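Here the structure comes first, spelled out in structure tokens, and everything after it is commentary.
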2 protein chains.
Amino acid sequence: MSERNSFRAIRDEMARRIAERLWLPGALIPGEEVLAREFGAARATVNRALQELARAGLVERRRRAGTRVALHPVREARFVIPLVRQEIEGRGAVYRYRLLSREESPPPEIVHARLGLDKNLPFLHVRCLHLADRTPYQFEDRWISLDAVPAVRDVDFSAISPNEWLVQHAPFSEAEFTFFAAAANPEEARLLQLSDGAPIFVGERITWLREKPITLVRMAHPSSHRMVMRL
Amino acid sequence: MSERNSFRAIRDEMARRIAERLWLPGALIPGEEVLAREFGAARATVNRALQELARAGLVERRRRAGTRVALHPVREARFVIPLVRQEIEGRGAVYRYRLLSREESPPPEIVHARLGLDKNLPFLHVRCLHLADRTPYQFEDRWISLDAVPAVRDVDFSAISPNEWLVQHAPFSEAEFTFFAAAANPEEARLLQLSDGAPIFVGERITWLREKPITLVRMAHPSSHRMVMRL
DNA sequence: GAGTGGTCTAGACCACTCA
DNA sequence: GAGTGGTCTAGACCACTCC
């Protein structure tokens, strides 16, 4: 592993040259063929290394134009989409779950607009609370499309959370996440045991399966919540 | 493109089989050799398709054990680390920048602890404001290690923001991001034109170059701020 | 020990884009 | 048209892990 000619070694060596300014930002670096000769590797191996650097945002590649060191390393971080339960248990706390309400209901205008729907489709509205060691951790307010996930009609969600059930029964192909800060409304404050207007951390998620909206969920956390990711 | 035997087509077809439960969660799927025959492709091509599915969290692969459909699709989203300026200009607003203070100073206990430093190193403390169309967008409060980035002593940051300068002059190898909601303290409220105690969205970022801390920054946004990522 | 995925090679052809 | 990256192939060997 990490031999002189492994794609990892080649990738890391090239990353080093970029970090240490041997290859300057904006500069054209040698072509794959040349690098392959230099590193004593096949072109495919160099290609793999370069593709990883491109994915990491360190270089920009274009056919015919060649590979350049990125001017503004538009790097990206990855973050794992957790199950609330795993998130809580991962912190060594006991996970508890409480269903607050579950009813079929037409979604309010704002939800409708958020999902980009033109016609009125039947939805299931589920509200529940996730606790860590008896402390409120997340208030989940969710709309599930009965059109996209009809099976959900037969699930009562008293034992399993919608989060968990959907992960196992309703695959998605696309998702959009939005995070922001807000002031707790009276209900959120009560459920999360905060004072009125206290800052909360909100995550909103919409998922689709092939253009069809599956679910929209709003997850509210007390301001002690930390969302962490590493690069 | 997307021919029958391209790695994309193979990847998408396998993703479809997983989404439609033709391959059940936890089930072992055929080996690369078998799949290669089925798709009329080389094993390397199937391998690339499977590696992408594994990276997306749809399958889990282990040597000798084979490839299984993930039980809990631990999927991950990617988000790009933006330059504030690009973020603002990307919204069609005019970017403005104001330096508030710049001074060498030993970091407070809390910063010190956050960086995991044992000895007292010299730091540069920079505070500045980023505006979108004259509206406060982000208050940046940053500590830069003079030990790791000595060149920063000669930069006065009145014309270029530390964010932008560092991206171009101080590469990093590791980064940690933390996001949370908080209540604006009096200074933050004044600078962001909010009322005292209003909810703000805070991003904290620490970057390292080979174990050595480069900078710690706290970025505060008004609660109208949205952080969005797509999968 | 044997079976699976992980990686590498050498060669080939294609796709895109610049001149 | 020509040069660069993008992808595929066929074959090979290796590394890990389960039996």
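The structure presented is a predicted model; accordingly, all values stated were derived computationally and were not measured. Within every chain, numbering begins at 1; the chains are lettered A, B, ... in the order of the sequence lines, protein sequences first and strands thereafter. The figures here come from the full heavy-atom set of this structure, side chains too, leaving out hydrogens, waters and symmetry mates.
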Report yes if at least one side-chain N or O of B/T67 is closer than 4.0 Å to OP1 or OP2 of C/dG5; otherwise report no.
-> yes
B/S6 has its side chain closest, among D/dA12, C/dT9, D/dC8, to D/dC8
More 5' along DNA chain C: B/A65 or A/A65, using each one's nearest nucleotide?
-> B/A65
Between C/dC8 atom P and A/L50 atom CG, what is the distance in whole Å?
-> 13 Å
When you measure from the side chain of A/Q51, which nucleotide among C/dG6, C/dA10, D/dG6 comes out closest?
-> D/dG6
Nearest of D/dT9, D/dG5, C/dG5 to any side-chain atom of B/R63?
-> C/dG5
Can you tell me the distance, in whole Å, between the CD atom of B/E52 and the C1' atom of C/dG5?
-> 16 Å
Between D/dG6 and A/N47, is there an OP1 or OP2 to side-chain N/O distance shorter than 4.0 Å?
-> yes
Taking the six-membered ring for Trp and the single ring otherwise, decide whether the centroids of A/H225 and B/F180 are under 6.0 Å apart.
-> no
Are A/E52 and A/R55 within salt-bridge range, i.e. N to O under 4.0 Å?
-> no
Under the 3.5 Å rule, do the base of D/dG6 and the side chain of A/R48 count as making a donor-acceptor pair?
-> no
Apply the test side-chain hydrogen bond (donor to acceptor under 3.5 Å, both in side chains) to residues A/E164 and A/Y97: give CA-CA distance (whole Å), side-chain angles for both, the deciding distance (0.1 Å), then the verdict.
-> CA-CA 11 Å; A/E164 208 142 346; A/Y97 162 75; over 6 Å; no
Quick one: is D/dC18 close enough that its OP1 or OP2 comes under 4.0 Å of any side-chain N or O from B/R62?
-> yes
Does the pair A/E33/A/R37 count as a salt bridge with the N-to-O cut at 4.0 Å?
-> no
To the nearest angstrom, how far is B/R37 atom CZ from C/dT4 atom P?
-> 11 Å
Short side-chain N/O contact from A/R61 to OP1 or OP2 of D/dT4, under 4.0 Å | no
Is the number of heavy atoms from other residues, nucleotides or ligands within 6.0 Å of CZ (A/R98) greater than 12?
-> no
Just name whichever nucleotide pairs with D/dG6, Watson-Crick or G-U, keeping both distances under 3.5 Å, else none.
-> C/dC13
Integer-rounded Å distance: D/dG6 P and B/R11 CZ = 15 Å
Over 12 foreign heavy atoms within 6.0 Å of CZ, A/R17 = yes
Nearest of D/dA12, D/dT9, C/dT9 to any side-chain atom of A/T45?
-> C/dT9
Send over the distance from A/R43 CZ to D/dG3 C1', rounded to a whole Å.
-> 11 Å
Euclidean distance, atom CG of residue A/L35 to atom P of D/dG5 [Å, nearest integer] | 8 Å
Nearest-angstrom distance from the residue atom CD of A/E33 to P of D/dA2 | 17 Å
The nucleotide from D/dG5, C/dC8, C/dG5 with an atom nearest the side chain of A/E32 is D/dG5
Nearest-nucleotide pick for B/R64, side chain only, options being D/dC16, C/dT9, D/dG6 | D/dC16
Which base, if any, makes a Watson-Crick or G-U wobble pair with D/dC18, both distances under 3.5 Å?
-> C/dG1
Looking at the side chain of A/A42, which of D/dG5, C/dT9, C/dG5 is the nearest nucleotide?
-> C/dT9
Nearest-angstrom distance from the residue atom CZ of A/R55 to C1' of D/dG5 = 16 Å
